[in-house]
Amino acid sequence: MGLRAWAPGRVNLMGDHTDYMGGLVLPLAIGRGIVVTGDRGGDWVMLGSEGHPGVAEIPLADAGDPAFVEPRWARYVAAVVAEIAPDDGFVGMIQSDLPEGKGLSSSAALEVAVATALGADLSRPHVVAQACQRAEHRAVGVPCGIMDQLVSVAARADAALRIDCRSLDVTPVPLPPAVEVLVIDSGEARDISDGSYAERRAECEAAEELIGRPLRDATPADADTIDDPVLRRRARHVTTENERVDAMVTALVKDELDTAGELLAASHASLRDDFAVSTPTIDRLVAELRGTPGVYGARITGAGFGGCVVALCQPRTRVSVPVLWRGRPVGGARLDDI
Ligand code: GLA
């Protein structure tokens, strides 16, 4: 009998560039993800990929430095093997219906799917997510936060997940019944391993240093005390975005969807003006969606620099922009016998 491990991609409804500063986020899993099928056993992890050439061939005895493994996609596999250190190998295949390079966490879904196939304990989501986050750092050197990996493990159907990235407490926040999530593809590819993401993170750390306490505990008024205009704007984004996460939770719980729409607009403006991670194409998409009847609101989602827009709308709302996925949130990673 074989195994089938599945892990979803995500969109983030609120709270971007807050996770690595111990802040608040509100992502949800979408009905697209990565599947690993195969059998446990042996001393190697050997995985082919339907979408990419080459094979990941990782010896359990010595996974080596994942950053030098070829082909490049196999670095994620090698890093997960190094982190999970499974007793048994695995021979199988990777399949995906989750587009890459669009800000939907395809690398986190790959890490979580591989970890699940290798026997990671899904009843301890934050342990699995932290192993996969370290794997991301080791594989491609992106100093990401915990959001993508944790939501891929711990997501709940029909709910967004409020994650406190300092305590790693996770709280499902049910979406009101009359809401559909839209994921819109900007068509602009992004590669956050080019240093742009690391630069933003370093700016936030510098801002935190100037304020003299964790940005998570700082207020927008604290941010305004910073003289350097760039660092001031970065800190203003993080402090206001943390506040918007809990405001969004309240709006969803109370079914106040117009308020939710206003919060999405405010978050987009903050990511565009204070955090400088939007693009003219994405700004146009967000404006067009905001003007569409039935759409409550829209914002850039994920790391930015291209990628996707997330919108909340009434079910079956017609939009004139390219929809990559629409629906209700799905649950997190699963392991099934096949
Ligand atoms: C990427 C990272 C996450 C998070 C977002 C921005 O998706 O992997 O940890 O920082 O960007 O919110």
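We count ligands from 1, going down the list as the structure has it; atoms in each ligand are counted the same way. Values below: every heavy atom of this structure, side chains too, minus hydrogens, waters and symmetry copies.
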For atom 5 (C) of ligand 1, grab the closest protein heavy atom and report residue, atom and distance to one decimal in Å. Met147 CE, 3.8 Å
Ion pair present between Glu100 and Arg72, side-chain N to carboxylate O less than 4.0 angstrom? no
Which ligand 1 atoms does Gly145 reach within 4.0 Å, using its non-hydrogen atoms? 9 (O)
Within ligand 1, which atoms have a heavy atom of His17 less than 4.0 Å away? 6 (C), 12 (O)
Do NZ/NE/NH1/NH2 and the carboxylate oxygens of Arg216 and Asp164 come within less than 4.0 Å? yes
Does ligand 1 have any atom that is closer than 4.0 Å to a heavy atom of Glu241? no
Could you tell me, atom by atom, which parts of ligand 1 come under 4.0 Å of a heavy atom of Arg10? 7 (O)
Arg201, portion touching ligand 1 at heavy-atom distance under 4.0 Å: neither
Atoms of ligand 1 under 4.0 Å from any heavy atom of Tyr20, numbered from 1 in the order shown, are 10 (O)
Close side-chain approach of Arg200 and Tyr20, heavy atoms under 4.5 Å: yes
Show which atoms of ligand 1 fall inside a sub-4.0 Å distance from at least one heavy-atom site of Tyr197. 1 (C), 2 (C), 3 (C), 4 (C), 9 (O), 10 (O), 11 (O)
If you scan protein heavy atoms around atom 12 (O) of ligand 1, the nearest is Asp16 OD1, 2.5 Å
Do Leu104 and Cys308 have side chains that get closer than 4.5 Å, going by heavy atoms? yes
Would you call Glu188 and Lys102 a salt bridge, using N to O less than 4.0 angstrom? no
Quick one: does Asn12 get an N or O within less than 3.5 Å of an N or O on ligand 1? no
Heavy-atom donor-acceptor pair, His268 side chain to Ala287 backbone, under 3.5 Å: no
For atom 1 (C) of ligand 1, which protein heavy atom lies nearest, and how many Å away is it? Asp148 OD2, 3.6 Å
Just jot down the ligand 1 atoms closer than 4.0 angstrom to any heavy atom of Cys144, in number order. 2 (C), 8 (O), 9 (O)
Inspect the contact between Arg233 and Asp273 and indicate whether a charged nitrogen and a carboxylate oxygen are less than 4.0 angstrom apart. no
Nearest non-hydrogen protein atom to atom 3 (C) of ligand 1, with distance, is Asp19 OD2, 3.3 Å
Taking Arg201 first and then Glu205, would you say they form a salt bridge - that is, a charged N and a carboxylate O separated by under 4.0 Å? yes
Does Gly302 come within less than 4.0 Å of ligand 1, judged by its heavy atoms? yes
Residues joined to Met93 in its hydrophobic cluster, side chain to side chain under 4.5 Å directly or through other members, sorted by chain and number, are none
